[in-house]
Amino acid sequence: MTSHAESQEDLQSREAKHVTHVGAWLDGVLSLAKMIAGFLVGSTALIADGIHSLSDLITNGFVLAAIHYGRQGPDHDHQYGHGRIETLTTLLLGSVLIFVAGGIAWSSLERLFSGRTVTAPGLWAILLAGVALLTKEWIFRYTMRVAKRVQSKLLEANAWHARSDALSTVVVLIAMIAAQFGMGWVDGVAAIIVGLMVGKVGWDLLWDSARELVDTALPDEAQRQMHRVAEDVPGVESVHDLRTRQSAGWAMVDLHIVVAKRVSVSEAHEIGNEVSRQLRHAFPALTDVTFHIDPEDDAGEGDPSRFPGLPLRPEVEATLDARWYANPVWRTRAELQLHYLGGKVSVSLIVGDDIHQPPQCLASQLKALADDVDWLGHVEVLLVTRATSLPAG
């Protein structure tokens, strides 16, 4: 199973790299063509659009690096994996885009208020913008398909970056057509609009990655669905303290699972394992499920490590031995079971069937002998036949 998961991860990484390489080559060609054409015909909007395409090329370089390093598995120093590399890269991309947007808007405003005229770009420049528009839209659709398939938020963000370039090209195309008919001022306005669009994409990337870095939870509906999935597992009485966080398009969850009070440790653990399986099946983006088994609902009580605890077995046995040693039931016990319930330690003594008093009477006697022990809860005596073999330990 592990090797299959690893091969699937490698396949997804190769597919993500391939689509990014394709986008990078096309962005490089489009950027060069747009900027050369813009300088030749004197179109600020087309030059700005070429810079936007160049920013896409730079973005692709960051994405390739992030995919390579961010999708590596856990190691000694990064035991939860390297997903945050993708998040940090997205944050960097957003910053770069906002910087580019500011430069475009500033130069466009300067040209607009300077009163410089814009000459008609010509039919061939308009056709170039049209070809660029169709190419960027194809890159967007291709990249988005792969992003959904490999579950990469970074790749999805890169796809929307390509879509923003396509939309900016629409604005540039309108400006060039307007300039062709003598309305050159539209070119400067269009360049400003392009800058604002680039800035909007950069801000969105910054916002999403920042939310991820501060461990923003999954949407409420997704968390409610996780509750339902976990509570539907046989043996689960309730679920509380469910917490989620995200990293590079993946999700992690930890939760408390309440089971029957006296169920065995191994059964309770297997119930938790089944909850984990069902959650992973319902939410394929989950990479880590951590569960805590509770014998009773302690929702809202806070971290138990911050409060005084109950004594563990060595102290319990020493305390009870000092009070019960004279009683043959205690000395001949076959097994001692401890149950930590309701803030007390309940005790179950398992003894042979050769005793001559009712178990309830023996339990009452033992309870009375230890009535000064404030942490002692319910006491019971259980009989087993000598023919019954008790498990070791």
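For this chain, numbers begin at 1 and follow the sequence in order.
With Lys344 contributing its side chain and His339 its backbone, the two residues share no donor-acceptor pair below 3.5 Å. Between the Arg333 side chain and the Val329 main chain, no donor and acceptor come within less than 3.5 Å of each other. At least one donor-acceptor pair under 3.5 Å links the side chain of Ser364 to the backbone N or O of Gln360. Formation of a donor-acceptor pair under 3.5 Å by the Lys367 side chain with backbone atoms of Leu362 is not found in this model. Glu296 contributes a side-chain N or O that, together with a main-chain N or O of Gly342, makes up a donor-acceptor pair within less than 3.5 Å. Of the possible polar contacts, one joining the Arg313 side chain to the Leu336 backbone as a donor-acceptor pair under 3.5 Å is found. Under a 3.5 Å cut-off, the side chain of Arg331 and the backbone N or O of Tyr325 do form a donor-acceptor pair. One N or O on the side chain of Tyr340 and one on the backbone of Pro311 form a donor-acceptor pair closer than 3.5 Å.
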**Report entry** Residue pair Lys261, Glu237: steps toward the salt bridge (charged side-chain N to carboxylate O under 4.0 Å, His left out) verdict
**Finding:** CA-CA 10 Å; Lys261 292 182 178 180; Glu237 296 189 351; over 6 Å; no
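Considering OG1 of Thr135 and CG of Leu26, their distance stands at 6.5 Å, rounded to 0.5 Å. Interatomic distance, Asp298 CG to Asp241 CG, rounded to the nearest 0.5 Å: 7.0 Å. The NZ atom of Lys200 sits 11.0 Å away from the CD1 atom of Ile98 when rounded to the nearest 0.5 Å. Distance check, rounded to the nearest 0.5 Å: CG of Leu382 to OG of Ser348 gives 5.5 Å. Atom CG of Leu128 and atom CG of Leu133 lie 11.0 Å apart (nearest 0.5 Å). A distance of 8.0 Å separates CH2 of Trp324 from CG of Leu369, quoted to the nearest 0.5 Å.
A donor-acceptor contact closer than 3.5 angstrom links the side chains of Gln278 and Glu274. Side-chain contact check for Asp288 and Thr290: at least one donor-acceptor pair (N or O, by modelled atom type) lies under 3.5 Å. Looking at His240 and Asp294, their side chains do bring a donor and an acceptor atom within 3.5 Å of each other. Between the side chains of Glu221 and Gln223, no donor-acceptor pair is found at a separation under 3.5 Å.
Shown here is Arg243, whose CZ atom has no more than 12 heavy atoms of other residues, nucleotides or ligands within 6.0 Å. In the displayed structure, Trp375 atom CH2 is contacted under 6.0 Å by more than 12 heavy atoms of other residues, nucleotides or ligands.
The minimum heavy-atom distance linking Arg323 with Asp372 is given by the pair NH2-OD2, 2.9 Å. Here the closest heavy-atom approach between residue Ala230 and residue Val275 is recorded as CB-CG1, 3.8 Å.
Residue Val131 is not grouped with residue Trp138 when hydrophobic side chains (ILVMFWY) are merged at heavy-atom distances under 4.5 angstrom, including chains of intermediate members. No path of Ile, Leu, Val, Met, Phe, Trp and Tyr side chains, each step under 4.5 Å between heavy atoms, connects Leu32 with Val29, placing them in separate hydrophobic clusters. The same ILVMFWY cluster, assembled from side-chain heavy atoms under 4.5 Å apart, contains both Val239 and Val259. One hydrophobic cluster, built from ILVMFWY side chains closer than 4.5 Å, holds both Leu218 and Leu279. Hydrophobic clustering, with ILVMFWY side chains joined whenever heavy atoms are under 4.5 angstrom apart, groups Leu255 together with Val263.
Side-chain atoms of Val347 and Glu380, non-hydrogen and from C-beta on, never get closer than 4.5 Å to each other. Inter-residue side-chain proximity for His292 and Ile257 is flagged as unmet; no heavy-atom pair is nearer than 4.5 Å. Residues Leu286 and Met252 fail the side-chain proximity criterion, which asks for heavy atoms closer than 4.5 Å. Val381 places a side-chain heavy atom less than 4.5 Å from the side chain of Leu366. Counting heavy atoms from C-beta outward, Met226 and Val253 have side chains that approach closer than 4.5 Å. Put simply, the side chain of Val316 reaches to within 4.5 Å of the side chain of Leu320, judged on heavy atoms.
Using bins of under 30°, 30° to 60° and over 60° for the plane-to-plane angle, the ring pair Trp207/Trp203 lands in the parallel bin.
Asn327 pairs by the side-chain hydrogen bond (donor to acceptor under 3.5 Å, both in side chains) definition with nothing, not counting sequence neighbours.
Evaluation of the ring pair (Phe, Tyr, Trp, His ring centres under 6.0 Å) test over residues 259-285, restricted to residues two or more places apart or in two chains, returns His269-Phe291.
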